Number of protein chains: 2
Amino acid sequence: MLTLSILGAGNVATHLFEAFSSSQDIRLLQWFGRDKKHIEKYKDKVDVTEELSDLKPADVYIVAISDDAIGPFSETLPFKNSLVAHTSGSVDINALDSKHRRGVFYPLQTLSRGKKTDFNNIPLCLEAEKKEDLDTLKTLAEAISQKIYEVNSEQRRSMHLAAVFVNNFVNHLYQIGSDICHFNDLSFEILQPLIEETSKKIKELPPYEAQTGPAKRGDAKTIEKQLYMLENSFPQYTELYKTLTSSILSAHGGKKL
Amino acid sequence: MLTLSILGAGNVATHLFEAFSSSQDIRLLQWFGRDKKHIEKYKDKVDVTEELSDLKPADVYIVAISDDAIGPFSETLPFKNSLVAHTSGSVDINALDSKHRRGVFYPLQTLSRGKKTDFNNIPLCLEAEKKEDLDTLKTLAEAISQKIYEVNSEQRRSMHLAAVFVNNFVNHLYQIGSDICHFNDLSFEILQPLIEETSKKIKELPPYEAQTGPAKRGDAKTIEKQLYMLENSFPQYTELYKTLTSSILSAHGGKKL
């Protein structure tokens, strides 16, 4: 059975800990956090430590820490020639110190603190320098998910960029929708069926074909009216409305605003 | 039992026809289309006509036509003092000719041609000038949906604006995500669990609190890298990336780009 240690005590580390600790196929050896107090409450389930020198030999070390810390931290690890994988969408595999057998174990999902996540449906994007290490990461991934992709560093950076559009930017648009509802004494709930349908529709129809709305129709009159409404309620979002409208107009061969 | 006639032969009209024709509580009297050939195939299920003079007395006439046509069309109707409701999110109730008892029956949903819709979960936003007409519209709405809201013209315009953000604009961001995937030989499928999770998360967490990503973190390094990637793959989307990033930064009290 593969042995795994998790290094890092943040959001992704905690979600991975929870996923692996309920798996029967992986032996979770240790959990390292720079400051043990964040993970101490898990000490009945796993050996927790804040001393790198305490780390025991494991088949895989998953480094789930902030992007900038990955390189420097990997240098301080007191071992070499072990499989060390980071979990970042935007950091190159080579950011890890070359004394390790390097890998990437990137869960493409929005992991919120305090919201339990079912990993089964989360795409895991794997990369390794050596074939046998990739196989090890696959075994690890299969223990918690059914969606496993081999993705190189360049593709992964692109995935991460795409994720910023479809997750972070989309969520900001939800926030604007919510602001507009509350400003008009309407519950945000009223928008939720539409939000859900919009996200489901693209499973059946490519988003380009699924596009609807005033910009797609080139409906200048509605666009003008809506800009006027924004000016009088949320002027800070008029620029965004214009840029998005122009982008849809261009993508669909319409005229510029 | 309420009698209903649908006027218009487009997308919304067709979806409403399908919803009402499977309801036991409403008697669908007639379906009018300017050009009968679009609706002729339904003639076994309903009396279809292209002559306004053929229209029989009904308790409610739903006018499901394009925004600009609502006013002029309502003038040409050869009757008065009947309840006539339009289905538009952005048109005032008063756009209907004042010879009618006016109302609005606005389904807040993205209705795609060729994709069957379950109305049960679709918010119907109702408005009428008279209390008894509002009650009639409620009876009509209850025959096809469980989510019924009384929404005045100003609120409805705001809803429609909010819908443009959470549906039309969001779908455009999905398209960009899809473009980025294909450009990098990745299936768009890989993003779908993230898209679905993002849309579900806001049922439990207000979108403001659910916000994550480089802009929320103020992670200038990642933002710069991603802008560089866009410049080299989809330069047409760099402006949009910048505007969305700035908007998140401002909303969350961060520095400007």
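These figures come from a predicted structure and were not determined experimentally. So you know, we letter chains A, B, ... as the sequences are listed, proteins then strands, and number each from 1.
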Trainee: Among B/M229, B/Q226, B/K225, which has the most heavy-atom pairs under 4.5 Å with chain A?
Mentor: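 Looking at each of B/M229, B/Q226, B/K225 in turn, B/Q226 comes out on top.
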Trainee: With a 4.5 angstrom heavy-atom cut-off, could you sort out which part of B/T222 is near chain A: side chain, backbone, both or neither?
Mentor: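 For B/T222, the contact with chain A is made by the side chain alone.
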Trainee: Of all the heavy-atom pairs spanning A/S199 and B/S199, show the shortest one and how long it is.
Mentor: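 That closest heavy-atom pairing would be OG-OG, 3.1 Å.
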Trainee: What heavy-atom pair brings A/N171 and B/Q211 nearest, and what distance separates the two atoms?
Mentor: ND2-OE1, 2.9 Å
Trainee: A/V170 and B/I195: side chain to side chain contact (heavy atoms under 4.5 Å, CB included), yes or no, with the steps?
Mentor: CA-CA 9 Å; A/V170 160; B/I195 284 172; over 6 Å; no
Trainee: Verify side chain to side chain contact (heavy atoms under 4.5 Å, CB included) between B/Y237 and A/S247, making sure each step is shown before the conclusion.
Mentor: CA-CA 8 Å; B/Y237 298 134; A/S247 187; 3.6 Å; yes
Trainee: Taking all atoms of both residues into account, what is the closest heavy-atom pair of A/V151 and B/L186, and its distance?
Mentor: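 Shortest heavy-atom separation between A/V151 and B/L186 comes out as CG2-CD2, 4.1 Å.
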Trainee: Between B/K203 and A/E196, is there a side-chain N and carboxylate O pair less than 4.0 Å apart?
Mentor: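 Here B/K203 pairs with A/E196 in a salt bridge, since their nearest N and O are under 4.0 Å apart.
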Trainee: Given heavy-atom pairs under 4.5 angstrom as the criterion, report whether the side chain, backbone, both or neither of A/S178 touches chain B.
Mentor: side chain
Trainee: B/V164 versus chain A, heavy atoms under 4.5 Å apart: side chain, backbone, both or neither?
Mentor: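 When you check distances to chain A, only side chain atoms of B/V164 fall under 4.5 Å.
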Trainee: Would a line drawn from the ring center of A/F169 to the ring center of B/Y241 be shorter than 6.0 Å?
Mentor: yes
Trainee: Around B/E154, counting heavy atoms of other residues, nucleotides and ligands shown, do more than 12 lie under 6.0 Å from its CD?
Mentor: no
Trainee: Return the CG to CZ distance between A/L161 and B/F234, rounded to the nearest 0.5 Å.
Mentor: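 The CG atom of A/L161 sits 9.0 Å away from the CZ atom of B/F234.
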Trainee: Using heavy-atom distances under 4.5 Å, tell me whether B/Q192 contacts chain A through its side chain, its backbone, both, or neither.
Mentor: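 For B/Q192, side-chain heavy atoms alone lie under 4.5 Å from chain A.
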Trainee: Quick one: which of B/I176, B/V91, B/N121 has the most heavy-atom pairs under 4.5 Å with chain A, could you say?
Mentor: B/I176
Trainee: Relative to chain A, which segment of B/P206 carries a heavy atom at a distance below 4.5 Å: side chain, backbone, both, or neither?
Mentor: neither
Trainee: Using a cut-off of under 4.5 Å for heavy-atom pairs, which of B/S66, B/S187, B/S233, B/G213 has the most such pairs with chain A?
Mentor: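 Top count of heavy-atom pairs under 4.5 Å with chain A: B/G213.
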Trainee: Can you tell which part of B/I190 gets under 4.5 Å to a heavy atom of chain A, answering side chain, backbone, both or neither?
Mentor: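 Both backbone and side chain.
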Trainee: Top residue by heavy-atom pair count (under 4.5 Å) with chain A, among B/Q175, B/R217, B/H172, B/E209?
Mentor: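 Ranked by contacts with chain A, first place is B/H172.
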Trainee: Shorter than 4.5 Å, heavy atoms on both sides: which option in A/E239, A/M159, A/E189, A/K147 has the most such pairs with chain B?
Mentor: A/M159
Trainee: In terms of heavy-atom pairs under 4.5 Å, which option from A/K221, A/H160, A/Q236 contacts chain B the most?
Mentor: A/H160
Trainee: Identify which of B/R157, B/Q109, B/K216 forms the greatest number of heavy-atom pairs closer than 4.5 Å to chain A.
Mentor: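 Among B/R157, B/Q109, B/K216, the one with the most close pairs to chain A is B/Q109.
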Trainee: Given the rule in the side chain to side chain donor-acceptor pair (under 3.5 Å) test, do A/N167 and B/T198 qualify, once you have shown the distances and angles that lead to the verdict?
Mentor: CA-CA 6 Å; A/N167 167 21; B/T198 305; 3.3 Å; yes
Trainee: Can you check whether A/F188 reaches B/P207 side chain to side chain, under 4.5 Å on heavy atoms?
Mentor: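 A/F188 vs B/P207: side chains touch.
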Trainee: What's the verdict on side chain to side chain donor-acceptor pair (under 3.5 Å) for B/N184 and A/Q155, showing C-alpha distance, side-chain angles and the deciding distance?
Mentor: CA-CA 6 Å; B/N184 292 283; A/Q155 287 175 315; over 6 Å; no
Trainee: Do you know which of A/L230, A/L194, A/I180, A/L240 has the most heavy-atom pairs under 4.5 Å to chain B?
Mentor: A/L194
Trainee: Does any heavy atom of chain A fall under 4.5 Å from the side chain of B/Y208, the backbone, both, or neither of them?
Mentor: both
Trainee: Please classify the contact between B/D179 and chain A as side chain, backbone, both or neither, with a heavy-atom cut-off of under 4.5 Å.
Mentor: neither
Trainee: Could you tell me if the side chain of A/P123 sits less than 4.5 Å from the side chain of B/P193, heavy atoms only?
Mentor: yes
Trainee: Among B/L191, B/D68, B/N152, B/D67, which has the most heavy-atom pairs under 4.5 Å with chain A?
Mentor: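 Sorted descending by pairs with chain A, the first entry is B/L191.
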Trainee: Go through the atoms of B/S90 and report whether side chain, backbone, both or neither lie under 4.5 Å from a heavy atom of chain A.
Mentor: both
Trainee: Say whether A/N168 and B/T212, considering side chains only, have a donor N or O and an acceptor N or O under 3.5 Å apart.
Mentor: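 A donor-acceptor contact under 3.5 Å links the two side chains.
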